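These notes are about the structure you will find just below.
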Amino acid sequence: MPDNQLLDRYAELTVRSGVNIQPGQQLVVTAPLEAAPLARKITEHAYRAGASLVTVLYSDEQATLARFQLAPDDAFDVAPGWLFNGMAEAFKGGAARLALVGEDPALLSEQDPAKVARANKARAVAYRPALEYISGFAINWSIVAFAHPAWARAVFPGVPEGEAVERLWQAIFAVTRTDRPDPVAAWAEHSAELERRAKWLNDGRFSALRYSGPGTDLTLGLADEHKWLAAGGKAKNGVFCIANLPTEEVFTMPHRERVEGTVRSTKPLSYNGTLIDGIRVRLKGGRIVEAFAEKGEETLRSLLATDEGAARLGEVALVPHSSPISQSGLLFQNTLFDENAASHIAVGQAYPDTIAGGGRRPKEELARMGMNESVVHVDWMIGSEEIDIDGVREDGSAVPVMRGGEWAE
């Protein structure tokens with residue numbers, strides 16, 4: 001375990017700045033068994049902040065692995081809908097949500113990718129009732145990480161496990177600003193800067209973004225009445241929270257039918273126990289019509305075939321190359337971190353709140369405005385110090401947004 005004082009400060013930051021639990025509010029936490037020490041500290045801080053009930057749901061990786069090794073074939077089309085319906089009921093009643101992540105990124109790497117894809121699809125479909133409260137920002141929620149030993153070994157290969165875990169904790173504390181004298185104040189300042197970036201983009205009233213760089217020539221149309229957001233924001237229940245710790249992004253909604261061109265990944269994507277590297281795709285009419293990868297191509301194609309919306313974009317996010325996560329030089333093999341190392345896009349489900357008044361508009365209207373729907377949402381990185389981005393207005397005029405991976409203004 002890391003320094004107890006820093007771990008306690010991290011737990012307090014999670015409760016106060018991440019999920020921002022309110023007096024009398026319930027909190028639903030999911031965590032791997034290995035994260036129990038952090039989950040307990042978070043529980044303590046949540047009760048100190050006035051939480052009425054903290055419910056922690058633990059997962060066991062070895063039980064997950066046993067399923068793929070021993071379960072019958074039809075078991076991979078089943079998911080615990082009863083559990084997710086219960087979580088949806090909790091959120092409907094006003095509970096907050098916190099996810100502790102930090103799994104073994106290679107846990108399922110030796111398992112049948114078709115079974116992994118089927119199990120993930122079944123889970124995504126069953127989870128939809130609960131996910132709608134999260135993606136629609138109806139409640140305050142957050143995601144934070146725990147330095148799982150297997151994850152640490154993957155990030156620092158060849159390093160003894162104890163040292164690898166310690167180094168991963170140090171990296172987590174650094175990029176989450178936990179090692180600052182006042183992490184809560186540091187996050188308030190950082191959130192304000194991200195809000196300023198989002199306002200500048202909203203004031204620009206761009207209809208599209210144009211990306212250019214090695215292997216990338218992409219025009220990404222933005223949804224009608226799109227709205228740029230930062231990860232820190234006020235949920236519909238009136239509570240300000242920071243959905244991802246860490247976060248360096250501002251993001252909005254692409255138009256699902258107005259993306260044209262080619263784009264390549266600039267960092268590997270860790271997905272379902274497979275490292276997908278060297279992604280190259282071509283989009284036409286908003287749909288990925290060609291997809292290649294130097295490594296993990298079968299997994300990539302399986303992801304894009306999940307459903308009709310999985311081959312279209314649901315999010316576009318801008319992150320400067322100078323972000324703390326990028327400057328760390330680490331490939332975390334965890335999307336919570338790696339997506340904040342570079343500008344990125346996500347295939348799959350879009351967030352309704354990235355359209356003005358999106359949470360109050362009917363789904364049919366949101367679809368007409370360009371919103372994509374899917375049971376998946378997977379981010380992958382397309383930004384680097386070699387990528388330029390322009391904002392394009394309706395009249396065709398262009399404004400520099402990023403140059404060499406950094407903000408142009």
Side-chain angles (χ1 to χ4, degrees), residues 1-15 18-19 27-47 54-70 79-80 83-84 87 96-111 116 119-120 123 127 141-176 178-179 244-246 270-275 325 328 330-339:
M1 291 302 299
D3 178 272
N4 191 61
Q5 184 176 358
L6 277 173
L7 190 68
D8 189 72
R9 190 186 297 179
Y10 184 52
E12 183 180 13
L13 175 68
T14 297
V15 169
V19 72
L27 176 62
V28 178
V29 182
T30 55
L33 281 174
E34 292 81 0
L38 175 59
R40 291 170 188 145
K41 285 187 176 293
I42 287 170
T43 299
E44 292 170 5
H45 280 285
Y47 282 128
V54 180
T55 302
V56 184
L57 305 172
Y58 288 104
S59 59
D60 180 5
E61 288 187 343
Q62 293 308 307
T64 299
L65 188 60
R67 178 191 185 192
F68 285 91
Q69 292 173 334
L70 303 171
L83 173 62
F84 302 136
M87 293 174 71
R97 165 81 165 107
L98 177 64
L100 305 188
V101 299
E103 303 79 14
D104 177 356
L107 179 71
L108 303 179
S109 60
E110 301 299 320
Q111 305 308 308
V116 175
N120 282 335
R123 185 188 188 280
Y127 189 53
W141 62 276
S142 191
I143 305 174
V144 300
F146 174 85
H148 188 296
W151 179 27
R153 293 195 303 270
V155 177
F156 300 103
V159 175
E161 183 176 287
E163 181 183 346
V165 170
E166 177 62 27
R167 289 171 64 175
L168 182 54
W169 271 122
Q170 290 173 1
I172 291 172
F173 292 150
V175 300
T176 58
T178 301
D179 59 0
N244 292 348
L245 284 177
S270 179
Y271 179 70
N272 289 344
T274 299
L275 203 63
I325 297 170
S328 75
L330 296 175
L331 177 64
F332 282 88
Q333 300 185 42
N334 182 296
T335 300
L336 175 63
F337 291 82
D338 291 334
E339 72 169 1

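This is a predicted model, so every value here is computed, not measured. Quick note: residue numbers are just sequence positions, from 1.
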Testing the 3.5 Å rule here: is there a donor-acceptor pair between the side chains of Gln170 and Asp179? no
Check the orientation of Phe332 and Phe337. Use parallel for under 30°, tilted for 30 to 60°, and perpendicular for over 60°. parallel
Set of residues satisfying side-chain contact (heavy atoms from CB on, under 4.5 Å) with respect to Ala119, sequence neighbours excluded: Arg67, Phe68, Phe76
So which atom in Tyr10 and which in Thr176 form the shortest heavy-atom distance, rounded to 0.1 Å? CE1-OG1, 3.9 Å
Residues at least two apart in sequence or cross-chain that pass salt bridge (charged side-chain N to carboxylate O under 4.0 Å, His left out) with Arg153, listed by chain then number, are Glu161
Review item, side-chain donor-acceptor pairs of residues 98-110, under 3.5 Å, at least two apart:
unit_1: Asp104; atom_1: OD1; unit_2: Ala106; atom_2: N; d: 2.9
unit_1: Ser109; atom_1: OG; unit_2: Ala106; atom_2: O; d: 2.8

Which residue, Thr178, Ile325, Ile172, forms the side chain to side chain contact (heavy atoms under 4.5 Å, CB included) with Pro246? Ile325
Got a sec, which residues hit side-chain contact (heavy atoms from CB on, under 4.5 Å) with Ala36, two or more places apart in sequence or on another chain? Arg40, Tyr58
Going by ring pair (Phe, Tyr, Trp, His ring centres under 6.0 Å), name the residues that satisfy it together with Phe156, two or more places apart in sequence or in a different chain. none
Across all chains, not counting sequence neighbours, the side-chain hydrogen bond (donor to acceptor under 3.5 Å, both in side chains) partners of Ser142 are none
Qualifying residues under side-chain hydrogen bond (donor to acceptor under 3.5 Å, both in side chains), relative to Asp60, sequence neighbours excluded: none
Take a 6.0 Å sphere around CD of Gln5 and say whether it holds more than 12 heavy atoms from other residues, nucleotides or ligands. no
Mind checking side-chain hydrogen bond (donor to acceptor under 3.5 Å, both in side chains) for Gln333 and listing every partner two or more places apart, or none if nothing turns up? none
According to side-chain hydrogen bond (donor to acceptor under 3.5 Å, both in side chains), who are the partners of Asp338, at least two apart in sequence or on a separate chain? none
Go through the structure and list residues passing salt bridge (charged side-chain N to carboxylate O under 4.0 Å, His left out) with Glu163, not counting sequence neighbours. Arg167
Between Val165 and Ala147, what is the shortest heavy-atom contact and its length? CG1-O, 4.1 Å
Quick one: side-chain contact (heavy atoms from CB on, under 4.5 Å) partners of Ser59, sequence neighbours excluded? Pro32
Residues in side-chain contact (heavy atoms from CB on, under 4.5 Å) contact with Asp8, at least two apart in sequence or another chain: Lys41, His45
Smallest heavy-atom separation, Arg97 atom then Val19 atom, equals O-CG2, 3.6 Å
Spell out, as yes or no, whether a donor-acceptor pair under 3.5 Å connects the side chain of Tyr271 to the backbone of Thr335. no
Distance, nearest 0.5 Å, that separates CG of Leu33 from CD of Gln62: 10.0 Å
Are any non-hydrogen side-chain atoms of Ile143 and Leu245 less than 4.5 angstrom apart? no
